[in-house]
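Report on one structure; see the data block that follows.
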Amino acid sequence: MKNRKLVMIPGPTPVVRSIQDQMGRETVAFGDPDFINDFKGVIKDLKTIFKTEGEAFVVAGTGTLAMEMGIANVTKEGDNVLVVSTGFFGDRYVELCERKGLNVDVISSEWGTIVPVEDIEKKLKEKKYKAVTVTHVDTSTGVCAPVAEIGEMVKKFEDTILIVDGVCATAAEPEYLDEMGIDVLITGSQKAFGVAPGLAIVLAGPKALERRKALGTIRDYYIDFEKWIPIMNDPAKYFGTPPVNMIWALQESLRIMKEEGIKDRYERHIKVAKAMQAALEELGFTILAEKEHRAVTLSNVIYMDGIDDGEFRKVLAEEGAVVAGGLGAYAGKMFRLGHMGNIDTHDLISTMSAIERTLYRLGKKDVLGKGVGTLMEKLID
Ligand code: PMP
């Protein structure tokens with residue numbers, strides 16, 4: 001009998017039954033009073049959990065649309081923008097901004113390391129930037145940027161908006177907008193929220209909203225904050241048809257989050273990441289990201305000698321766990337393992353055991369029990 005396949009790629013992540021059920025509900029009119037109420041609750045919860053006096057936006061789309069929405073509402077053609085890149089998704093902001101006619105400077109790190117806060121500050125002192133983009137966790141490297149420190153530093157630059165890409169971080173790494181100086185947080189539904197792909201989620205603090213107002217009419221239409229603000233404040237109004245079932249799915253994800261407690265959720269992710277990373281190292285793998293800047297949401301795992309990427313991932317899928325391949329220069333040398341969202345001990349142990357069985361089948365006969373043993377030691381209090 002075939003094994004069930006655990007989706008352990010860094011997004012989409014496993015979608016729990018209660019969230020699936022929301023997606024399978026009979027769709028109602030978007031003017032339905034109960035749905036309007038549900039949508040209002042979602043917006044309120046997002047602002048409460050991620051702590052902003054500003055606005056929250058939930059629209060049909062993916063993380064990339066959210067990236068576009070973030071930058072389009074705080075800049076105009078000809079503005080200077082600084083992109084801080086720790087990998088593939090940081091780099092994505094470069095082309096995106098260039099296409100909007102922005103003057104882009106990039107400050108990048110070697111893959112696996114962060115861009116030091118002092119280096120970003122130096123850039124901001126050298127030239128006036130209307131916005132700076134930072135990827136909280138770059139999914140290509142598993143590096144977590146020190147967003148709290150960056151936010152504190154950017155606060156000193158009154159005319160600079162800090163945009164944080166939280167696609168691979170939000171709901172797993174702490175992000176409190178107004179406290180941390182994050183002016184725009186852009187994210188998606190399919191990673192640590194544990195909802196299927198399909199929602200672009202954006203939060204904008206007061207400084208970003210002031211900037212949007214000052215810009216007047218912007219070129220973009222669907223992603224214009226000003227078009228959506230009336231709807232997010234009163235979903236009885238219409239601009240674009242809301243993805244009804246996806247919004248219910250997000251509502252259930254937020255309910256799960258509130259039930260767990262956001263701080264406990266952040267703590268759980270730290271514990272799980274440390275346990276998974278220790279177990280992977282015990283098996284002989286190397287983690288790409290430097291220890292002090294490792295993400296809690298995923299691990300970017302470099303193969304030991306003698307393991308072929310294609311074969312490893314094929315056998316691992318047969319053993320019941322699907323992981324992603326490496327990007328850029330790490331294609332073929334690394335796999336990416338998500339461990340975020342609504343996953344439990346069963347998922348983690350099964351994944352680790354599937355990794356062990358795969359290595360065993362590929363000739364590493366001495367691994368059985370080592371990863372799972374380490375994982376359990378670290379997970380059990
Ligand atoms: N930013 C980051 C950090 C991501 O990991 C991703 C997706 N892997 C994106 C942006 C783009 O999101 P999407 O694929 O949902 O468009």
Side-chain angles (χ1 to χ4, degrees), residues 7-15 57-72 81 83-97 99 106 108-109 111-115 131-147 150 162-175 182 184-203 222-223 243 246 249-250 253 269 273 288-289 293-301 322-328 330-331 334-341:
V7 186
M8 300 305 283
I9 61 173
T13 59
V15 178
F57 304 87
V58 179
V59 302
T62 71
T64 309
L65 186 87
M67 289 173 78
E68 194 147 7
M69 193 163 179
I71 196 78
V81 171
V83 172
V84 178
S85 177
T86 46
F88 180 90
F89 290 99
D91 292 347
R92 175 167 285 193
Y93 246 135
V94 177
E95 188 188 346
L96 202 158
C97 290
R99 290 215 190 175
V106 192
S108 312
S109 63
W111 278 32
T113 68
I114 59 159
V115 176
V132 50
T133 73
V134 173
T135 315
H136 199 164
V137 171
D138 201 300
T139 322
S140 62
T141 61
V143 164
C144 183
V147 163
I150 296 171
L162 174 61
I163 301 173
V164 172
D165 172 349
V167 175
C168 196
T170 309
E173 297 274 7
E175 289 170 332
I182 301 171
V184 182
L185 176 67
I186 64 102
T187 190
S189 50
Q190 76 272 24
K191 297 190 194 255
F193 283 96
V195 174
L199 292 178
I201 302 167
V202 178
L203 286 111
Y222 179 73
I223 53 176
M246 290 301 291
L250 181 60
S253 153
H269 277 84
L288 171 65
H293 300 117
R294 279 184 193 167
V296 299
T297 46
L298 84 162
S299 295
N300 296 41
V301 189
V322 182
V323 297
L327 295 172
Y330 285 90
M334 177 173 89
F335 73 94
R336 294 177 301 137
L337 174 70
H339 34 72
M340 67 188 125

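Both counts, for ligands and for their atoms, begin at 1 and track the order of listing.
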Open item on the list: In the structure I gave you, are the side-chain heavy atoms of His269 and Met340 within less than 4.5 Å of one another anywhere?
Closed with: yes
Task: Of the listed options Lys191, Met67, Gln190, closest to atom 14 (O) of ligand 1 (non-hydrogen atoms) - done: Gln190
Which of the atoms in ligand 1, numbered in the order shown and given with their element, are less than 4.0 Å from a heavy-atom of [X]?
X      : result
Gly63  : 12 (O), 13 (P), 15 (O), 16 (O)
Thr135 : 3 (C)
Thr139 : 2 (C), 3 (C), 4 (C), 5 (O)
Asp165 : 1 (N), 2 (C), 3 (C), 10 (C)
Val137 : 3 (C)

Drop me the distance from [X]'s [atom1] to [Y]'s [atom2], to the nearest 0.5 angstrom.
X      : Y      : atom1 : atom2 : result
Asp165 : Ile186 : CG    : CD1   : 4.0 Å
Ile223 : Ile71  : CD1   : CD1   : 10.5 Å
Ile201 : Thr62  : CD1   : OG1   : 11.5 Å

- [ ] Answer yes if the side chains of Asp91 and Ser85 hold a donor-acceptor pair under 3.5 Å, and no otherwise.
- [x] yes
Open item on the list: Can you confirm whether the side chains of Thr139 and Arg336 place a donor and an acceptor under 3.5 Å from each other?
Closed with: no
Task: Thr64 and ligand 1 - part of the residue with a heavy-atom distance under 4.0 Å - done: both
